[in-house]
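What follows is one structure encoded as structure tokens, with my remarks underneath.
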Amino acid sequence: MNKYLLQAKVLSPGGSTAAVLKRRLELVTEAVSQRYADVLVSDIKLLDGENFLCEVSVGSDSTLQKSGRLIEMICELTLRLTPIKCRFAFAQTEAELTEAFDEAQRNRLFFAACGFDELSNRSLTGAVSAIGGLLWDWTERQSQFVRALLRDGVVAVDDNQQLQFVKERKRRELSTFFKVSPSVITECLQAANVKRFRYQVFTATVMLEKSVACAVVAP
């Protein structure tokens, strides 16, 4: 099966009223749907005022590249919504989504996967939840700086089909854009531990690609 379901539920509205939360979700999901149209089967759908669901395609052609894009999309949604916090579930069916959410809630995880083999479920859940544990601690300022730093993405597949890091933007560019000194940018990014974040995205991308590949070849 090449198509998967990704759902998010709001855990904390970050001080927003119900109306403001709904509008924020509408704006963010619309923007993210446009940017990640290559992995989305259709635009992200709001289910109610605090949940959203999308169908993604990562298991056909360019699985490694699409896996990286999906992991980045989860990060993008999280960073754009800060300080609103969401929990994610990833599976092939709605029943498996429910099971994944139960697992995430029971263990207070950022993300849970279900529907793969047991090793893949646990490895992918751990890899992506490690990213969320970092992102949940970031301030709005840190989230803004990291999004700007990694505007061109975190990982990409090169001509030899190898996963590589995408080059970061220059600190000077961020300094000019945000109208702050380069030292402020550097200190903020160091406090956010953006280097660890990049490696976590790399690891999660590899785990997702392997999980999808195993699911595709399984009888």
Side-chain angles (χ1 to χ4, degrees), residues 1-59 66-116 121 124-125 127-138 140 143-144 146-147 150-151 153-154 201 204-205 208 211-212:
M1 183 180 295
N2 295 329
K3 296 178 182 178
Y4 296 85
L5 299 173
L6 177 71
Q7 186 174 352
K9 295 183 178 180
V10 173
L11 292 181
S12 171
S16 301
T17 64
V20 171
L21 174 62
K22 183 174 183 294
R23 184 56 178 160
R24 183 85 175 272
L25 288 174
E26 288 173 344
L27 292 173
V28 169
T29 54
E30 180 181 359
V32 172
S33 292
Q34 293 176 358
R35 179 168 183 177
Y36 293 93
D38 55 328
V39 293
L40 287 166
V41 175
S42 57
D43 289 349
I44 301 171
K45 300 176 182 178
L46 290 182
L47 302 181
D48 51 38
E50 53 185 31
N51 295 284
F52 52 89
L53 173 71
C54 60
E55 189 175 15
V56 299
S57 176
V58 292
K66 288 184 176 180
S67 293
R69 292 284 289 165
L70 179 56
I71 296 299
E72 289 180 7
M73 187 181 81
I74 294 172
C75 295
E76 180 89 3
L77 286 164
T78 303
L79 293 177
R80 281 180 175 267
L81 288 170
T82 304
I84 298 167
K85 293 182 179 179
C86 293
R87 170 173 286 150
F88 293 84
F90 182 69
Q92 295 184 3
T93 67
E94 291 186 6
E96 290 168 348
L97 275 182
T98 299
E99 187 176 341
F101 271 123
D102 289 344
E103 174 74 10
Q105 183 175 359
R106 184 167 53 251
N107 294 292
R108 299 181 179 181
L109 300 172
F110 168 76
F111 171 99
C114 183
F116 302 97
N121 285 338
L124 184 56
T125 294
V128 182
S129 285
I131 300 174
L134 189 63
L135 269 57
W136 273 353
D137 288 336
W138 286 351
E140 288 187 73
S143 296
Q144 290 173 347
V146 173
R147 280 188 58 230
L150 305 174
R151 183 184 62 185
V154 182
V201 170
T205 296
L208 176 56
S211 298
V212 170

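In this chain, numbering begins with 1 at the start of the sequence shown. No hydrogens, no waters, no symmetry mates; every other heavy atom, side chains included, goes into these values.
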For residues 19-27, tabulate all N or O donor-acceptor pairs below 3.5 Å that involve a side-chain atom, not counting sequence neighbours.
{"from": "Lys22", "atom 1": "NZ", "to": "Glu26", "atom 2": "OE2", "distance (Å)": "2.6"}
{"from": "Arg23", "atom 1": "NH1", "to": "Glu26", "atom 2": "OE1", "distance (Å)": "3.2"}
{"from": "Arg24", "atom 1": "NH2", "to": "Arg80", "atom 2": "O", "distance (Å)": "2.9"}
{"from": "Arg24", "atom 1": "NH2", "to": "Thr82", "atom 2": "O", "distance (Å)": "2.9"}

Sole residue of Ser143, Cys86, Pro13 in side-chain contact (heavy atoms from CB on, under 4.5 Å) with Leu81: Cys86
With rounding to the nearest 0.5 Å, note down the distance linking SG in Cys75 to CG in Leu134. 9.5 Å
Output yes when a side-chain donor or acceptor of Ser33 lies under 3.5 Å from a complementary backbone atom of Ile44, and no otherwise. yes
If you round to the nearest 0.5 Å, how far is CZ of Phe88 from CG of Leu109? 13.5 Å
Trp138 and Leu79: side chain to side chain contact (heavy atoms under 4.5 Å, CB included), yes or no, with the steps? CA-CA 9 Å; Trp138 286 351; Leu79 293 177; 3.4 Å; yes
Decide yes or no on salt bridge (charged side-chain N to carboxylate O under 4.0 Å, His left out) for Arg35 and Glu76, but give the supporting numbers first. CA-CA 10 Å; Arg35 179 168 183 177; Glu76 180 89 3; 3.4 Å; yes
Donor-acceptor contact below 3.5 Å, side chain Asn51 vs main chain Leu47: no
Donor-acceptor pair, Asp48 side chain versus Glu50 backbone, under 3.5 Å? yes
Are the side chain of Glu72 and the backbone of Val154 linked by a donor-acceptor contact shorter than 3.5 Å? yes
Glu140 vs Pro83 side-chain heavy atoms within contact, under 4.5 Å: yes
Test side chain to side chain contact (heavy atoms under 4.5 Å, CB included) applied to Leu40 and Glu55, step by step: CA-CA 6 Å; Leu40 287 166; Glu55 189 175 15; over 6 Å; no
Strictly under 6.0 Å, is that where the ring centroids of Phe90 and Phe101 end up? no
Shortest non-hydrogen contact from Asn121 toward Gly115: OD1-N, 3.5 Å
Quick check: closest heavy atoms across Ile131 and Ala204, and the distance to 0.1 Å? CD1-CB, 3.8 Å
State, yes or no, whether a side-chain contact exists between Gln92 and Leu5 at a heavy-atom distance under 4.5 Å. no
For the residue pair Ala113 and Ala100, what are the closest heavy atoms and their distance? C-CB, 4.3 Å
Rounding to 0.5 Å, atoms CG (Leu124) and CG (Leu208) come to a distance of 5.5 Å
Looking at CG of Leu11 and CH2 of Trp136, how far apart are the two atoms once the value is rounded to the nearest 0.5 Å? 5.0 Å
Roughly how far, to the nearest 0.5 Å, is the OG1 atom of Thr205 from the NZ atom of Lys66? 14.5 Å
With a 4.5 Å cut-off on side-chain heavy atoms, are Ile84 and Ser16 touching? yes
Could you name each residue pair satisfying salt bridge (Lys or Arg N to Asp or Glu O under 4.0 Å) that touches residues 88-101, not counting sequence neighbours? none
Backbone N or O of Asp38 within a donor-acceptor pair of the Arg69 side chain at under 3.5 Å? no
So, taking the atom named CG in Leu70 and the one named CD1 in Ile74, what distance separates them when rounded to the nearest 0.5 Å? 4.5 Å
In the structure I gave you, are the side-chain heavy atoms of Leu53 and Leu6 within less than 4.5 Å of one another anywhere? no
Given the rule in the side chain to side chain contact (heavy atoms under 4.5 Å, CB included) test, do Lys85 and Val10 qualify, once you have shown the distances and angles that lead to the verdict? CA-CA 6 Å; Lys85 293 182 179 179; Val10 173; over 6 Å; no
Examine distances only and state if a side-chain atom of Ser129 and a backbone atom of Phe111 form a donor-acceptor pair shorter than 3.5 Å. yes
